[in-house]
Structures are given as C-alpha cells and as structure tokens.
J.: 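This is the structure, below, for whatever I ask next.
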Amino acid sequence: MRPDRREDDEVRALHSVLGLLNRADGSAQFSSGRTSVYSGVYGPVGARVYDEKLDRAYVVVRGRADAGPAGTADRWTESAVRETFERVVAAQLYPRTMVQISVQVREDDGAVDAAAINATALALIDAAVPLRDTVAAAACAVREDGSAVVDPTLEEIRDARSIHTFAFAASDVSNIADLTSASICPIYVDSRGEFSVAEYDRCFELCARAAQRVLAFMRTAIEDKVSKESQIAGSS
Amino acid sequence: MASVSDQPSNIERAFLLDAVAKGVRADGRGPTDLRALRIACGPTHGLAEVQLGQTRVLARVTCAVARPLPDRPTEGLVQVSAELAGLAIPPSPQTTAVEVEEMAVVSRMVDRVIRQSRAVDTEALCIVAGQKVWSLRLDLRILDHAGNLVDAAMVAATAALRHFRRPDVTVDGTDAVIHDPRDRNPVPLSIHHSPVCVSFAFLGHQPAAAASAGQEVVLLVDPSRIEEQIMVSRYTVTLNPHREVCALSKAGGAALPLALIQRCNQIALVKADEINEKIQEALKSQQQ
C-alpha cells in the first residue's frame, strides 16, 4: 500500500501552465502531485562565437534545484534534459544559433528529472522551437519487495532499491498496445541502484504507460492554449 | 528571436520622459501606483512565490543544524543567496556583467535587511549554546525580470520566512532531540518584524536643478524594467509594520533634494502598509 493510497501504476494529479513567463520565448510549469518544475526557453538566439556550431543550433541546458547551493543534483537534471532534447530539437534548421533551456525546480517530491523533461517539452512547444517529436517522461521506483511503483514520491524514493527514469517519443508510444522494452526504444534512460532485468522490464512498461498518460495531458494543455490564442486573435 | 541589445532606443526614451512629465506611465499606472502584487505560499513550508507585475521571484527557506560562530555562541545563522535564473533574462554577452551587478545589489539588500535589522530572532535559533544552532538558508531565484527586483525579492523573503516551519527540538542539558516533522508539528520561526522595501525611480535630466527651477520632479514608485533603464536616480526605503525604517538606500545616481526624499518616505509608509496587508492575506489563506 503506497503512502498516498495510489495504485502501483497510478500517476499523481498532473497540472501545467504554459507561457507563464514574460521575457522567455517559451515557458512552462509542469507539476505531478507536489513535484513542480519550471522550464524556460530562449531560442534560437545568437550564440557566442566560441559556442556556435556551423551546421546546427547549440542546445544548452542550465538547471537549479529548489534550494541549496549549486551541486550535483543540478547537473543530473541538466544532463537528463540535455540528453533527451539534443536530438529532439530540429537543430539543423538553425545553424550557428543557440537554444538555451533553463530548468528551475519549484518543489521536489520525487521524480524531478521526469518533471523537468516534461516541463521542457511544453516550454519548447510554447517557444515554437521545431521538434522532431513530442517527448514525455516518467519515473519508477522498485521497492524492497521487488514491486515497482510509478511516479514515486520523495519518501518512496528514499526507501527504494532502484529508481528508473524514462523518456519516450510520442510517435513510439502513442496508440501502441505492446509497450515492452523489446518493441520500443526510449529517448532517455537513467537507472540507479540494484535491479534485475525483470524489474527493469516491469519499470519500462509502467513508465511507457505513464508516458502515454502524460502525452494525452500535454495534448490537452497545448490545445487549450492554441484555442485561447486563436480566440484572442479572432476577436481583435 | 530575442533582441540583441536590451537598451531602449532614443525615441522610446523621449516618449517615456514626455509621457511621465504629463503624469502617465507606459503601462497606464499613476506615478505612485504599485503593479499588481500576487503572493502564493507553500504547500512546502518556507516556499513563497511573488509576482510584482511581471517580475516573478521564488523564495525558499531551508534549515540545518550547524555549529555557531565562535564569537556568537548563542545565535543561529542566516544566509541569503539570490540568483537570476537562466529564465529571467535573454542570454547575451552583455547581460552577464549586468546580471552579476544587479544580483549583488539584490542579495546585499535582502541580506542586510534580514540579518542586520534582525528581522529573524537568531537567539531563538539556538539549540545548545556553543555547540548546536539552526542555520537558515534563504534562496531567492528571480524567474522573470521585469524591473524592481529588490521590492519583489523582499516580499518573497518576508513571506517565506513567516511561512517556514522548523523541526521542534527538546533540549536536556547538552543533549538535544530534534523531532521528526511527522511526530511533532514543526514550529514557526521567531520573527521580530517583517520588512518590506519600497523603491522609487527618478526620471528626467537633473531633478535637483528641475526642482529649483520650479518644475515638478518626476518620481515613480515600483519602476518597471524600461523605467529602470532610463532613470537617473534610485531610492529604496525599507519599512516594517511598526512604521520603523529598517534601511535607506540611495547608492549613486543624480543628486536629490532632501524635501523629495522626505516626500518619498511619506509615500512609502502608505505603500508598505498595502504590501503588508497582501502578505498577511496570503499567509492567512494558506493556513486555511
């Protein structure tokens, strides 16, 4: 029985706000239960000569945890977001420019890296940066008894034997019934702790299903935003 | 795409000065109007998010047990850290230097007010004299820079400190038991007073010369970003609900006549009351 009485495969209540920041080209806040992350995107903007790449945009990620001085937790979140989006952003369209993604954790109640990836996906769409695909992420924790629970809270993570974060592309998981590690390829995987192959496979499936739910949620959020904007445009 | 240079053009500058001379600001406010102030606290203890117009600041208070300073064995520690999140301003080679300077001003201001004016009772943070004290850390993150970071940051800091709960402690001689928040409710900090900053920007060429020539000097409360970029002088008053002045800051800028400063102080009293009321409301609504 989970502390908040959720089912093993139940994700927490999802919430998002798009375009909440004024200066950033695109921004989003993504929350799963009490875990909440802001992501802001500037780009494509001019890059320093030192950073610019001749054939593509330079994607840079800066991340900060909710409290405390800069540390390794920041670097983990940054690398999770960067590794996921480096290949998803259609960088070849904007050579010699930079896309700067900034992630700020508002509250950490577990599965922060997954929330950061989801917030960034929404922020990139809000910024109208071309993407190869929409991306959604989810995390899973394996308890001492070997059972896997999706979207773990901080308490569940502390008691877990291993933790897994996966990010999937929408075209790989949408409308697909067979969600096993044999049939689909994730965009990002991070596994920590001791686990068996069977436990990994179980987590993979749980996270793929959770990602489907997150994608459906993102779709609604974006459709909402677009319909609001077209109403404003239409009325003026 | 974000623009390369952040500075307003000569035309914008002339337009704003002209409008302000007629008593109208770019966003339609009057000279002494604050922008809309929204404060959201929690649910995590010590988390406050403040929006002053489009400026957005996140404040977070955390605590840890630490050794006290050798020359102050019965006092807890307070550390303030302010950062401009990568979200807040567009990246460009010019902005890094500006960024560092502005954040130094914000950190210094909030740090000075919280620590030196003794907003938090540091003696109440003592656990075992000379050995264990609570060390508070206040992290400020600017999420969106639309001007007047100091006022917004101060509101966020004040709200976060009042919202924060530290673990309860039982002390028996030199042994201290720190209770898990799940076993015993965490307790609020002992706060002497809640400081609030009110900033003024002065627009024009030489306010001092203008005043003596009989012209109306233009002062603006709660400057927006563009007003900050064209102002010639800045003045910040920090007040608490007991109508006491905690800090005054006028660092550089054009010289201002004393009568003008006194007028600013009078306006600040009214504004500080408004801001304090909003903080009270936000904290009360969170408790329900």
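Convention: sequence-line order gives letters A, B, ...; per-chain numbering from 1.
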J.: Counting heavy-atom pairs under 4.5 Å with chain A, which one of B/Arg60, B/Gln51, B/Gln79, B/Arg137 comes out on top?
T.: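 Looking at each of B/Arg60, B/Gln51, B/Gln79, B/Arg137 in turn, B/Arg137 comes out on top.
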J.: Would you please go through residues 58-65 of chain A and name the residues with a non-hydrogen atom below 4.5 Å from one of chain B, in numerical order?
T.: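 Counting heavy atoms that sit under 4.5 Å from chain B, the residues of residues 58-65 of chain A involved are A/Arg62, A/Arg64, A/Ala65.
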J.: Could you tell me whether A/Arg192 atom CZ has more than 12 heavy atoms of other residues or ligands within 6.0 Å of it?
T.: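 Enclosed.
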J.: Which heavy atom in B/Thr44 sits nearest to a heavy atom in A/Arg34, and how many Å separate them?
T.: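 Shortest heavy-atom contact: OG1-NH2, 3.3 Å.
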J.: Going from CZ on B/Arg225 to CG on A/Asn22, what distance comes out if it is rounded to the nearest 0.5 angstrom?
T.: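 It comes to 11.5 Å.
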J.: Is B/Asp139 reaching over with its side chain to a backbone N or O of A/Ala67, donor-acceptor style, under 3.5 angstrom?
T.: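 Flag not set: sc B/Asp139 to bb A/Ala67 has no pair under 3.5 Å.
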J.: Between the side chain of A/Gln100 and the main-chain N/O of B/Gly86, is any donor-acceptor distance below 3.5 Å?
T.: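 Here the side-chain-to-backbone pair exists.
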J.: More than 12 heavy atoms of other residues, nucleotides or ligands under 6.0 Å from CZ of A/Arg96: is that the case?
T.: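 Incorrect, the count does not exceed 12.
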J.: Could you name the residues of residues 154-165 of chain A that have a heavy atom within less than 4.5 Å of a heavy atom in chain B?
T.: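 Against chain B, the residues of residues 154-165 of chain A that fall inside the cut-off (heavy atoms, under 4.5 Å) are A/Glu155.
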J.: Around atom CD of A/Glu7, are there more than 12 heavy atoms from other residues, nucleotides or ligands closer than 6.0 Å?
T.: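 For A/Glu7, atom CD is not crowded (no more than 12 foreign heavy atoms under 6.0 Å).
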J.: Quick one: CD on B/Gln54 to CZ on A/Arg23, what's the gap to the nearest 0.5 Å?
T.: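 With rounding to 0.5 Å, CD (B/Gln54) is 10.5 Å from CZ (A/Arg23).
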J.: Tell me, for A/Ser36 versus chain B, whether the close heavy atoms (under 4.5 Å) come from the side chain, the backbone, both or neither.
T.: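 The answer is neither part of A/Ser36.
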J.: Assess whether side chain to side chain contact (heavy atoms under 4.5 Å, CB included) is satisfied between A/Arg106 and B/Leu47, documenting all intermediate values.
T.: CA-CA 9 Å; A/Arg106 186 178 193 273; B/Leu47 178 69; 3.6 Å; yes
J.: Begin with the C-alpha distance, continue with both residues' side-chain angles, and end with the deciding distance and a verdict on side chain to side chain contact (heavy atoms under 4.5 Å, CB included) for B/Glu49 and A/Tyr38.
T.: CA-CA 12 Å; B/Glu49 191 178 330; A/Tyr38 290 111; 2.4 Å; yes
J.: So for B/Glu83, is it side chain, backbone, both, or neither that comes closer than 4.5 Å to the heavy atoms of chain A?
T.: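 When you check distances to chain A, only side chain atoms of B/Glu83 fall under 4.5 Å.
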J.: Within a radius of less than 6.0 Å around CZ of B/Arg72, do more than 12 heavy atoms belonging to other residues, nucleotides or ligands occur?
T.: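 No, not enclosed.
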J.: If you count heavy-atom pairs within less than 4.5 Å of chain A, which of B/Pro43, B/Gly46, B/Ala88, B/Ala85 leads?
T.: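 Looking at each option in turn, the highest pair count goes to B/Pro43.
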J.: Under a 4.5 Å cut-off applied to non-hydrogen side-chain atoms, are B/Leu87 and A/Ser27 in contact?
T.: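 Sidechains of A/Ser27 and B/Leu87: no contact.
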J.: With rounding to the nearest 0.5 Å, note down the distance linking CG in B/Asp144 to CG in A/Leu20.
T.: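 It is 8.0 Å, given to the nearest 0.5 Å.
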